[in-house]
There are 2 protein chains.
Amino acid sequence: MTQKSPVKQGSRAASPRKASIRRQNQAVILAAAEDVFAERGYAGASMSEIARRADLPKANLHYYFGTKEELYRAVLDDILTAWRHDMDGFRSDADPKQAVSAYIRLKLDFSHRRASGSKVFANEIIHGASVLGDALGDLVRAGIAGKDKVVDEWVTKGLIAPVDGRHFFIMLWAMTQHYADFEVQIRKVLGKEALTEADWREIAIQVETFVLRALCLPV
Amino acid sequence: MTQKSPVKQGSRAASPRKASIRRQNQAVILAAAEDVFAERGYAGASMSEIARRADLPKANLHYYFGTKEELYRAVLDDILTAWRHDMDGFRSDADPKQAVSAYIRLKLDFSHRRASGSKVFANEIIHGASVLGDALGDLVRAGIAGKDKVVDEWVTKGLIAPVDGRHFFIMLWAMTQHYADFEVQIRKVLGKEALTEADWREIAIQVETFVLRALCLPV
DNA sequence: GTCTATATATCGATAGAC
DNA sequence: GTCTATCGATATATAGAC
């Protein structure tokens with residue numbers, strides 16, 4: 001499957017220049033695909049439009065990723081890998097206020113900077129995670145990584161107001177993703193043509209204040 | 001465009017039996033379309049699948065709704081009409097705790113009962129509201145209907161903790177919609193095969209408690 | 001108002017020259 | 001590794017018999 005080269009050459013690692021071309025083209029295609037999948041959905045996105053956006057011939061997409069579904073999987077995998085490293089501030093010996101504040105800002109910032117990726121994921125879940133399938137269970141477990149137990153522990157110790165750890169994370173994810181995924185609607189509510197960096201700072205303050213107060217932590 | 005009848009007859013109102021057939025077929029098609037659009041997205045939904053789900057020949061869908069886009073608009077219109085009547089508990093002379101509690105339960109219950117409609121709307125917004133277009137501005141204004149000002153007034157009077165009325169509604173919508181739209185993910189987090197009525201009651205309690213505490217209202 | 005058969009368009013995927 | 005030309009499948013939409 002990988003030995004399509006007409007001329008024999010030791011291995012792929014023996015040609016670092018070509019490997020670099022490969023990596024760069026894949027990155028360009030992934031970025032274009034993430035945007036198009038976010039704007040049009042999986043079925044609505046066409047390989048031709050992704051190719052146009054990546055400024056490459058359509059056949060090259062199939063050369064690098066095989067099928068449309070494989071490309072879609074690669075986009076999902078890319079965003080989920082980036083997400084996995086977000087929860088590290090949650091340890092039972094950490095200060096609740098610090099951990100919660102940092103996590104909200106991290107999530108909001110990430111949703112904002114990689115809005116397309118966030119939207120692709122949202123779409124996948126809304127449509128029943130038919131492509132992720134059973135892998136979603138593992139992803140959720142990896143994403144929450146027992147941190148709900150840390151929250152439950154804080155509750156037991158009386159450090160925060162009583163809340164179910166799992167629902168706490170669901171509500172946090174709901175708020176932080178919503179501002180990115182529903183940006184078009186947010187803009188209408190706030191009466192803004194576009195959201196500036198200052199708007200995003202205000203959003204962070206609003207969410208942070210709301211959540212800290214819900215946990216009876218000092219604002 | 002509507003005078004396709006081969007035989008002339010007074011008017012459509014003159015034939016109440018046919019008008020009833022018309023209304024019922026339209027309702028069946030709308031319900032099927034709402035489900036399919038929710039599961040597959042606009043582009044991914046096919047007229048044949050909607051027809052199959054409605055147990056009608058595909059040509060009848062075009063007879064009643066013309067094009068796929070018109071059918072989609074009708075589905076959106078249907079769900080938005082139902083939403084418009086949800087905000088009536090919010091009046092400045094109402095008791096904040098009562099109003100907030102009732103609203104959360106109303107929204108959650110609605111998201112749950114009309115999950116497909118909620119998902120269709122979420123999809124439309126995530127993809128930039130390209131079909132709703134400028135109409136979204138009016139819809140948002142009608143949806144919030146100045147109720148953010150009521151919240152601001154409660155803050156000024158010292159009845160609730162300080163919060164921006166617009167962000168308050170955004171966060172409320174985020175949480176209530178998220179539980180319906182992301183149900184697949186919620187189930188994984190909670191470790192449930194399906195969400196029962198008891199689960200939904202627990203969800204309502206969790207969200208209500210969280211929000212009331214964020215406003216420094218008695219739980 | 002119902003339904004079969006079909007015209008037309010578009011998309012995903014690949015063959016094959018370079 | 002790149003790119004043009006094209007195949008085959010599927011979707012929307014409609015014509016026309018009933």
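Below, chains carry the letters A, B, ... as their sequence lines are ordered, and counting in each starts from 1.
Side chains of B/Tyr72 and B/Glu124: a donor-acceptor N/O pair is present below 3.5 angstrom, by distance only. Under 3.5 Å, the side chains of B/Tyr64 and B/Asn25 contain a donor-acceptor pair of N or O atoms. A/His127 and B/Asn123 share a donor-acceptor pair across their side chains, judged by distance under 3.5 Å alone. For A/Ser101 and A/Glu208, the side-chain atoms include at least one donor-acceptor pair closer than 3.5 Å.
Taking 4.0 Å as the cut-off between side-chain N and carboxylate O, B/Lys119 and B/Glu34 do not count as a salt-bridged pair.
Comparing the start and finish of the helix from C/dG1-D/dC18 to C/dC18-D/dG1, five pairs each, the helix axis swings through 10°, to the nearest 10 degrees.
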Please encode protein proximity along nucleotides 3-13 of chain D as a string of B, S and -, counting only heavy-atom distances under 4.0 Å.
BB-------BB
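Residue B/Ala94 comes nearest to B/Ala99 through the heavy atom pair CB-CB, 4.4 Å, listed as atom of the first residue, atom of the second, then distance. Taking both residues in full, the closest heavy atoms of A/Arg91 and A/Val150 are given as C-CG1, 3.8 Å, listed atom of the first, atom of the second, then distance.
One atom, CG of B/Leu61, and another, C1' of C/dG1, lie 14 Å apart when rounded to the nearest Å. Between the CD1 atom of B/Ile29 and the C1' atom of C/dT2 there is a distance of 12 Å, given to the nearest Å. What separates OH of B/Tyr64 from C1' of C/dG1 is a distance of 6 Å, to the nearest Å.
Nucleic acid contact for A/Phe65: none, since no nucleic acid atom lies under 4.0 Å from a heavy atom of the residue.
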Verdict with reasoning, A/Phe90 to A/Phe169, per ring-ring contact (aromatic ring centres under 6.0 Å, His included):
CA-CA 11 Å; A/Phe90 269 90; A/Phe169 279 109; 5.2 Å; yes
